[in-house]
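Below: one structure, written as structure tokens.
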Amino acid sequence: EVFSIMALAQHYGVPTRLLDWTRHPYIAAFFAAEDVYKNQKKCCKCKDEKEYEDFLVVWALYIPTFNRRIDSIDDNSYAVRVVTAPSATNPNLRAQQGVFTLANSKYTNEKLGTYKTLDVLLGEYEDAGRAADNYEQNPHIELAKITLPISKAKKLLFLLSKWGITPSTVYPGYQSIVDDLRMQNYFLS
């Protein structure tokens, strides 16, 4: 129950150790491209400094035990836990098909407040599984990095809009309708 409350709190901006994910790859792509769209003015003003990486990134995570109940999983045997929050009363979480992951403290750094990146954490988890030679104890978890040049962000947002992935579908509410209109105007520029 505490994890669900943490997930809900994080969705409203409270800092936690949870990492946000979506079950929908197009929504993940929207978030990556939207970040470039929202910060384009900052990026264009800086000629000498590099405001952004050259690529937008979408991470994909496969956890074979994703749909198992958390209380049926031994906390110490998994590198990450999947945490959900009730989406019935949270329209953004429902629209974004949001879920969260929490790194097992067994695989984090000793020093409080410092955490390993997910790719490093999962690498160590894989190594522990090979050492134990027991797939059931440490099932394989996949993490993939998908990149696209930031110069393609506008086209990606345009294509996503054709599939119905727009600000108003990702962030339900009146403000998002205005954001949709602004984005349509952006496509014409």
Side-chain angles (χ1 to χ4, degrees), residues 1-46 50-63 66-67 70 80-103 115 117-119 141-189:
E1 290 177 11
V2 172
F3 291 131
S4 289
I5 292 169
M6 284 174 53
L8 208 51
Q10 171 148 332
H11 198 75
Y12 283 102
V14 176
T16 71
R17 287 183 36 221
L18 298 174
L19 186 58
D20 294 49
W21 296 89
T22 175
R23 290 183 173 106
H24 197 300
Y26 291 166
I27 292 173
F30 175 85
F31 284 134
E34 180 193 38
D35 189 47
V36 174
Y37 163 72
K38 283 182 174 179
N39 294 300
Q40 67 181 335
K41 291 177 184 167
K42 290 180 191 174
C43 186
C44 294
K45 288 181 181 176
C46 57
K50 198 169 194 179
E51 179 96 9
Y52 290 102
E53 295 289 325
D54 294 331
F55 297 92
L56 56 93
V57 177
V58 173
W59 290 93
L61 179 66
Y62 168 72
I63 301 175
F66 184 77
N67 290 321
I70 288 177
V80 293
R81 295 176 70 147
V82 175
V83 178
T84 58
S87 62
T89 58
N90 186 328
N92 285 359
L93 190 61
R94 183 175 50 251
Q96 296 164 10
Q97 299 180 37
V99 294
F100 306 87
T101 56
L102 176 66
Y115 302 98
T117 61
L118 191 57
D119 56 339
I141 296 175
E142 287 288 330
L143 181 67
K145 181 179 181 180
I146 303 155
T147 62
L148 186 70
I150 62 168
S151 61
K152 302 290 184 187
K154 184 176 183 177
K155 185 170 185 176
L156 176 59
L157 285 169
F158 177 75
L159 293 172
L160 289 169
S161 74
K162 297 299 177 192
W163 282 93
I165 308 296
T166 66
S168 62
T169 56
V170 174
Y171 308 106
Y174 295 121
Q175 178 60 47
S176 296
I177 295 168
V178 174
D179 294 340
D180 276 359
L181 294 171
R182 285 188 181 126
M183 194 170 279
Q184 289 298 318
N185 204 23
Y186 169 67
F187 296 148
L188 298 174
S189 65

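Basis for what follows: all heavy atoms, side chains included, without hydrogens, waters or symmetry-related copies.
For the atom pair Phe31 CZ and Ile165 CD1, the distance stands at 10.0 Å (nearest 0.5 Å). Note: Phe100 CZ to Leu19 CG = 9.5 Å, rounded to the nearest 0.5 Å. The distance from the OG1 atom of Thr169 to the CH2 atom of Trp163 is 13.5 Å, given to the nearest 0.5 Å.
Among pairs with a residue in residues 152-177, none fulfils salt bridge (Lys or Arg N to Asp or Glu O under 4.0 Å), at least two apart in sequence or across chains. Counting only residues at least two apart or in different chains, salt bridge (Lys or Arg N to Asp or Glu O under 4.0 Å) contacts with residues 24-34 comprise Glu34-Lys38.
Here Ser161 pairs with nothing under the side chain to side chain donor-acceptor pair (under 3.5 Å) rule; sequence neighbours left out. The side chain to side chain contact (heavy atoms under 4.5 Å, CB included) test applied to Leu143 returns Trp21, Trp59, Leu61, Leu118, Asp119, Leu122, not counting sequence neighbours. For the side chain to side chain donor-acceptor pair (under 3.5 Å) test, residues two or more places apart in sequence or in another chain that qualify with Asp180 are Thr166, Ser168. The side chain to side chain donor-acceptor pair (under 3.5 Å) search around Gln184 returns none, not counting sequence neighbours. Under the ring pair (Phe, Tyr, Trp, His ring centres under 6.0 Å) criterion, Phe158 pairs with Phe187, sequence neighbours left out. Partners of Tyr26 by side chain to side chain donor-acceptor pair (under 3.5 Å), not counting sequence neighbours: none found.
Residue Ala29 comes nearest to Val58 through the heavy atom pair CA-CG2, 3.7 Å, listed as atom of the first residue, atom of the second, then distance. Phe30 and Leu157 make their closest contact through CD1-CD2, 3.7 Å (heavy atoms, listed as atom of the first residue, atom of the second, distance). Across every non-hydrogen atom of Ala153 and Ala33, the tightest pair is O-CB, 3.9 Å. The nearest pair of heavy atoms linking Thr16 to Met6 is CG2-O, 3.8 Å.
Side-chain contact between Leu56 and Leu156: present, with at least one pair of heavy atoms (C-beta onward) separated by less than 4.5 Å.
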Distance-only criterion, 3.5 Å: show the donor-acceptor pairs between side-chain atoms of residues 144-151 and protein atoms not counting sequence neighbours.
none

Pair up each side-chain donor or acceptor in residues 90-98 with any protein partner under 3.5 Å, not counting sequence neighbours, and list the distances.
from, atom 1, to, atom 2, distance (Å)
Asn90, OD1, Asn92, N, 3.2
Asn90, OD1, Leu93, N, 3.0
Arg94, NH1, Ser87, O, 2.8
Arg94, NH1, Ala88, O, 2.9
Gln96, NE2, Val170, O, 3.1

